[in-house]
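Everything on this sheet refers to the single structure shown next.
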There are 2 protein chains.
Amino acid sequence: MNTSIFIVDDHFMVIEGIRTILQDEAHIDWLGHAMDVASCLEFLSRHQPHVILMDIGLPDGSGIDLCKKVAKTYPKIKILGLSTYNQQSIIQDMMRSGSSGYLLKNASKEELLEAIEAVMNGEEYLCLEAAASFYNPENSVPVITKREKEILGLICDGYTNPEIADKLFISLATANTHRKSLLAKFGAKNVASLVKMAVENKAFL
Amino acid sequence: MNTSIFIVDDHFMVIEGIRTILQDEAHIDWLGHAMDVASCLEFLSRHQPHVILMDIGLPDGSGIDLCKKVAKTYPKIKILGLSTYNQQSIIQDMMRSGSSGYLLKNASKEELLEAIEAVMNGEEYLCLEAAASFYNPENSVPVITKREKEILGLICDGYTNPEIADKLFISLATANTHRKSLLAKFGAKNVASLVKMAVENKAFL
DNA sequence: CCAAATATCATCTTTTTGGGCGATTGATTC
DNA sequence: GAATCAATCGCCCAAAAAGATGATATTTGG
């Protein structure tokens, strides 16, 4: 049986590229594309492809959320994350949100076809580079609690301890404790390096 | 006369996409592609296209440097920056480094053709979104001096004032002055927000 | 050449951070 | 029911950052 494919990506050039790559493949049917979350969901209400190639950064929402929604509503559809970002935290989020694989946009034709085949067989697939970065402790993001994530966001936005305490109705000591455990978990010596790591890994979203 | 095009981009899918888009155009000759700085320069030593579509993030160096080099060695070649990043500072750097235009990867076919035509006519071209972000004060990055850029990099890496003073053989007072003018120029109230802005805009590269 | 910008240094005060250490409560998990 | 973890609060203290102000070389651009 043929595999039907749908793609959600706001980059016209990438859509054209993938279409060109896939049109030579006899066993793959190209169902079309969407360039935002809304039209993707609209399409899915009418047709269900076997596989969706899904970009992370869409204009009207994140691919992570779309991924969750699709995985819940159409559990049979296999989702392949697609992004230029080779960041452990994002890959992790995608895989946890129900995607079955992750491809970088510099993936080769072989990787693309391999990924599609893998997820159709019920396997998980990470492209080479993503897998490498995934297991590279360099890119690893520590596990932080919900509260810590919240406070990390405030720190990144320039809030000081007293301001955080005020905003969250907690004592200065507590705000400080959270800040300290963030520093410890990230292995950062001060807020500067903490914020850099957080922003680079989008750890506070 | 036909316009010859060469593309430098490490994303296979984007190359395929652009090739597909351009192959219908009778007045455009596709000369080929390179996926890194080295093979781009190697190609240029043999053939000179009219226009180069140039990605910013290459595996073996930045598009900014490549742009400078090409603009200097082959001043006749028109360069069109090409990136997913819609960041004022990057666009600025590219334009200053000798590129004649800037396109985002979600540009439409029309924008791509328009851009090529524009630079061939000796005009400059910014795609809609890039132009919008360019004139949006939200994304504006202050002008900082070379020394300040250097110190900003150190701050982002977690260096404290005493450490910076030590490393750069300047007094603590001077390091502090630079830090303060960075805070002032960025309109940041503390290092946390400064680092966030700097990292998001890659202002210290 | 001269003015402006840059880079340098200084002193002073208050606020914030960061390191160390301990402790209670409530929820979850085993 | 014990153990673990999350979230909360406390104190001490030294280091660093941030705010204010002023000053002097050196470089750069018009």
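Chain letters run A, B, ... following the sequence lines, proteins first and then strands; every chain starts at 1.
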Passing option when A:Leu53 is tested against A:Ile79, A:Val8, A:Ile18 for side chain to side chain contact (heavy atoms under 4.5 Å, CB included):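 Option passing the side chain to side chain contact (heavy atoms under 4.5 Å, CB included) with A:Leu53: A:Ile18.
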
[options]: which one has an atom nearest the side-chain heavy atoms of [X]?
X	options	answer
B:Thr177	C:dC9, D:dC9, D:dA18	C:dC9
A:Lys180	C:dG20, C:dC9, D:dT8	C:dG20
A:Ala173	C:dG18, D:dC9, D:dA18	D:dC9
B:His178	C:dG18, C:dT8, C:dA10	C:dT8

Rounded to the Å, how far apart are [X] [atom1] and [N] [atom2]?
X	N	atom1	atom2	value
B:Leu172	C:dA10	CG	P	9 Å
B:Ile170	C:dC9	CD1	P	6 Å
A:Asn176	C:dG20	CG	C1'	12 Å
A:Phe186	C:dG18	CZ	P	14 Å
B:Leu183	D:dA18	CG	P	5 Å
B:Leu182	C:dT6	CG	P	12 Å
B:Asn190	C:dT17	CG	P	7 Å

Over 12 non-hydrogen atoms of neighbours within 6.0 angstrom of CD in A:Glu42: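 Yes, CD of A:Glu42 has more than 12 neighbouring heavy atoms, counting only those of other groups under 6.0 Å.
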
More than 12 heavy atoms of other groups within 6.0 Å of B:Phe186 CZ: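 Counting other residues, nucleotides and ligands, CZ of B:Phe186 exceeds 12 neighbours.
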
Strand-adjacent residues in residues 143-169 of chain B, judged by heavy atoms under 4.0 Å from DNA chain C: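 Residues of residues 143-169 of chain B under 4.0 Å from DNA chain C: B:Thr145, B:Arg147.
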
Note: B:Lys167-B:Glu163 ion pair, threshold 4.0 Å (strictly below):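 B:Glu163 and B:Lys167: not salt-bridged.
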
Side-chain ion pair, B:Glu16 and A:Lys109, N-O less than 4.0 Å: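 Salt bridge: no.
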
Side chain A:Lys189 and base C:dG18 donor-acceptor under 3.5 Å: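 In this structure, the two groups form no donor-acceptor pair.
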
Residue closer to the 5' end of DNA chain C, A:Arg179 versus B:Lys185 (nearest nucleotide):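 By nearest-heavy-atom nucleotide position, the 5'-most residue is B:Lys185.
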
Nearest-0.5 Å distance, NE2 of residue A:His27 to CE of residue A:Met120: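 With rounding to 0.5 Å, NE2 (A:His27) is 9.5 Å from CE (A:Met120).
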
Verdict with supporting geometry, A:Tyr125 and A:Tyr102, ring pair (Phe, Tyr, Trp, His ring centres under 6.0 Å): CA-CA 6 Å; A:Tyr125 186 90; A:Tyr102 195 87; over 10 Å; no

N or O in side chain of B:Thr174 less than 4.0 angstrom from C:dA7 OP1/OP2: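 For B:Thr174, the contact criterion (side-chain N or O under 4.0 Å from OP1 or OP2 of C:dA7) is not met.
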
